[in-house]
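Okay, so here's the structure we're looking at.
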Amino acid sequence: MPSREITLNWATLVMGVLLYLCEGMNASVLGPFFPPFADDLGLTETEIGLVVAIFDVVNIASQFILSSLVRPSHHAILLVLGSFLSGLSVITFGLNGNVVHGRVFLVNAVIIRSISGIGASFLHASCIPIVTGCFPDKAGLITTTVQTFMGLGSSLGPFVGALTYHFGGFQAPFYATGSAQLLVVAVMAALMLQRKAADDTESQNTDKKKYYKFIMNRSILVLSSATLLMCAYPGFKSVTYSVFLLNQLGVTQELSSITFGGMTAAYVVAAPLFGYLVKKGFCGLGFTFAVTGGALCIIITGLTEYIHGFMNYAYVLPVFLMTDVCYSALFGSVFLIFEKISDETEVDKNRSRQMVSSWFFTLRSCGRIVGSLLAGGVLAENVGFTVSCLVYGGCWLVSACSSAVALTNLGFYKRTYYSSSDTQEQNEH
């Protein structure tokens, strides 16, 4: 590979990772101060929930449409346009803070968040195929690196939001994170212009029946159920964990914040390690560890109320940390498994990665809704935190066991690799 092409590929990879870092920050910067601000404008809790949830609702619909229609040669324009819409909508959301009438603010916020959801879907449908296409033999490490930086962005978002809000008011956090994404987009646009000729030579296969064939595959449906329930975990955690720590364990607000920071650190440290294991061929074991371990951790958390002496911070903390370690194993493993199954649709690798990426982020958005509104909202509100953990964890564990059977039948507990460049390593084992 010529040195100029290698440099271009590395620059594209770095900018793609930074885009996901910015996207993670933009998604989480809303949290610390938006609910009380909206409450002061007279919005109800349901209306505040609508503003938050509309992002994922529109994201799901847009992902589904894109996955069946988009050509691989559209990835570059989708990546730039989606990232631009995402960054610009965040800045516009900050401008909406100047509106003093609650109804007008609500309508504007729903429209802006919807546009942001569309932009994010463009990014998710295009970025992963582009960056993994730069170095196909490192696709496992790349996908988990993307996940790590998105998680890092999600953890940095509230910190950046609180810091900039303190100095600049409601608009400042959105201006800061949105502007950062627009700067990265400008660099990525220049890189995409240089890559355009190569990308336009890719397959033009847009047969949406192949996408439907992919998502309706029986194995995909079984594995997707476990993936969706695992993707519900961050939403469930954000809604219930802090209340549990503060009200039932009696920890301080400072210790609660440190705990969440520790969970984020566990996630960020573990994700690259699992990416390395995926590169070495252990995607089946990685996926099983993720979904089964995560389900067991949630169930163990739910048992704290029923086992004498377990309702204490020293017991709960390692379980919380282990849950995030399990979650960090998901993305790289499931991406490779889905990609191998998508080979049955007989599409080229670029198209395959686009389908897999879009489907995964559709599941991720669905999971956030299930975790925050159903498991962490309706269920926890009616039966309590610990019972909701047992119900949620039980459903998750059943799905994980079904996934283990599917993976066994598909042969994924044998070493499975991303590309032919790993053939030599595979033969050695």
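Sequential numbering from 1 along the given sequence is applied to the chain's residues.
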* For residues T259 and Y313, is any side-chain donor paired with an opposing acceptor at under 3.5 Å? -> yes

* Asked: Is there a donor-acceptor contact under 3.5 Å from the side chain of S126 to the main chain of F122?
  -> yes

* Are L85 and L81 side-chain neighbours, meaning at least one heavy-atom pair lies under 4.5 Å? -> yes

* Once you round to the nearest 0.5 Å, how far does CD of E339 lie from CD1 of I341? -> 11.0 Å

* In sequence, state the C-alpha distance, the side-chain angles, and the governing distance for F310 and I300, and then conclude on side-chain contact (heavy atoms from CB on, under 4.5 Å). => CA-CA 10 Å; F310 277 20; I300 292 171; over 6 Å; no

* For F84, look at atom CZ and say whether over 12 heavy atoms of other residues, nucleotides or ligands are found less than 6.0 Å away. => no

* Asked: Which heavy atom in G376 sits nearest to a heavy atom in A380, and how many Å separate them?
  -> O-CB, 3.5 Å

* So does F149 have more than 12 non-hydrogen atoms from other groups sitting under 6.0 Å from CZ? -> no

* Structure fact -> Value for CE (M192) from CG (L78), rounded to nearest 0.5 Å, stands at 12.0 Å

* Asked: Any sub-3.5 Å donor-acceptor pair from T416's side-chain atoms to K414's backbone N or O?
  -> yes

* Asked: Under the side-chain contact (heavy atoms from CB on, under 4.5 Å) criterion, do I369 and I60 qualify, and how do the steps go?
  -> CA-CA 10 Å; I369 295 174; I60 292 169; 3.8 Å; yes

* Structure fact -> For residues 121-131, the salt bridge (charged side-chain N to carboxylate O under 4.0 Å, His left out) pairs (sequence neighbours left out) are none

* Nearest-0.5 Å distance, CG of residue L296 to OG1 of residue T301 -> 10.5 Å

* List the atom of C283, the atom of F412, and the distance in Å for their closest heavy-atom pair. => SG-CD2, 3.9 Å

* To do: Heavy atoms only: give me the nearest M188-G16 pair and the separation to one decimal.
  => CE-N, 3.2 Å

* Do Y417 and R415 touch side chain to side chain, with heavy atoms closer than 4.5 Å? -> yes

* Quick one: does F174's side chain get under 4.5 Å of L95's, heavy atoms only? -> no

* Which residues pass the ring pair (Phe, Tyr, Trp, His ring centres under 6.0 Å) test with Y175, sequence neighbours left out? -> none

* Would you please say whether a donor-acceptor pair under 3.5 Å links the side chains of N98 and Q171? => yes

* **Donor-acceptor contact present, side-chain R113 to main-chain I54, <3.5 Å** => no

* Minimum heavy-atom distance V278-S333, with the two atoms named -> CG2-OG, 3.6 Å

* Does a side chain donor of either S121 or N59 reach within less than 3.5 Å of an acceptor in the other side chain? -> no

* Structure fact -> Of all heavy-atom pairs linking N382 and V378, the shortest is ND2-O, 2.6 Å

* Work out which heavy atom in N9 is nearest to a heavy atom in C134; give both atom names and the distance. => ND2-O, 3.5 Å

* First locate atom CD1 of I299, then atom CH2 of W396, and finally report the distance between them rounded to the nearest 0.5 Å. => 9.5 Å

* Asked: Passes side-chain contact (heavy atoms from CB on, under 4.5 Å), T304 versus F385? Steps please.
  -> CA-CA 10 Å; T304 53; F385 172 73; 5.7 Å; no

Review item, side-chain donor-acceptor pairs of residues 17-24, under 3.5 Å, at least two apart:
residue	atom	partner	partner atom	Å
Y20	OH	H124	ND1	3.4
E23	OE1	S86	OG	2.8

* May I have the step-by-step check of side-chain hydrogen bond (donor to acceptor under 3.5 Å, both in side chains) for W359 and S342, ending in yes or no? => CA-CA 11 Å; W359 181 238; S342 74; over 6 Å; no

* To do: Just grab all the salt bridge (charged side-chain N to carboxylate O under 4.0 Å, His left out) pairs involving residues 299-316, residues at least two apart or on different chains.
  => none

* Side chain to side chain, F338 and L363, heavy atoms closer than 4.5 Å -> yes

* Between the main-chain N or O of C395 and the side-chain N or O of S399, is there a donor-acceptor pair closer than 3.5 Å? -> no

* **Sub-6.0 Å ring centroid separation between F282 and F274** => no

* Exercise: do Y241 and S256 side chains pair donor with acceptor under 3.5 Å -> no

* Are F260 and L255 side-chain neighbours, meaning at least one heavy-atom pair lies under 4.5 Å? -> no

Tabulate below the donor-acceptor pairs under 3.5 Å that side-chain atoms of residues 317-326 make, not counting sequence neighbours, or state none.
residue	atom	partner	partner atom	Å
T323	OG1	V319	O	2.7
D324	OD1	Y233	OH	2.4
D324	OD1	K237	NZ	3.4
D324	OD2	K237	NZ	3.1

* Are Y306 and V387 close enough that some pair of their side-chain heavy atoms sits under 4.5 Å apart? -> yes

* Taking salt bridge (charged side-chain N to carboxylate O under 4.0 Å, His left out) as the test, write out the residues that go with R368, two or more places apart. => D56

* Could you go step by step and tell me if F289 and L277 meet the side-chain contact (heavy atoms from CB on, under 4.5 Å) rule? -> CA-CA 12 Å; F289 174 82; L277 290 177; over 6 Å; no

* Structure fact -> One should read off an interatomic distance between Y267 OH and S328 OG, to the nearest 0.5 angstrom, of 7.5 Å

* Is the closest side-chain heavy-atom distance between V51 and L106 below 4.5 Å? -> yes

* Asked: Any sub-3.5 Å donor-acceptor pair from N96's side-chain atoms to N108's backbone N or O?
  -> no

* Asked: According to the interplanar angle, ranging from 0 to 90°, do the rings of F331 and F360 count as parallel (below 30°), tilted (30 to 60°) or perpendicular (above 60°)?
  -> parallel

* To do: State, with a plain yes or no, whether a side-chain heavy atom of L223 is found less than 4.5 Å away from one of L407.
  => yes

* Structure fact -> dist I112:CD1 -> I91:CD1 (nearest 0.5 Å) comes out at 11.5 Å

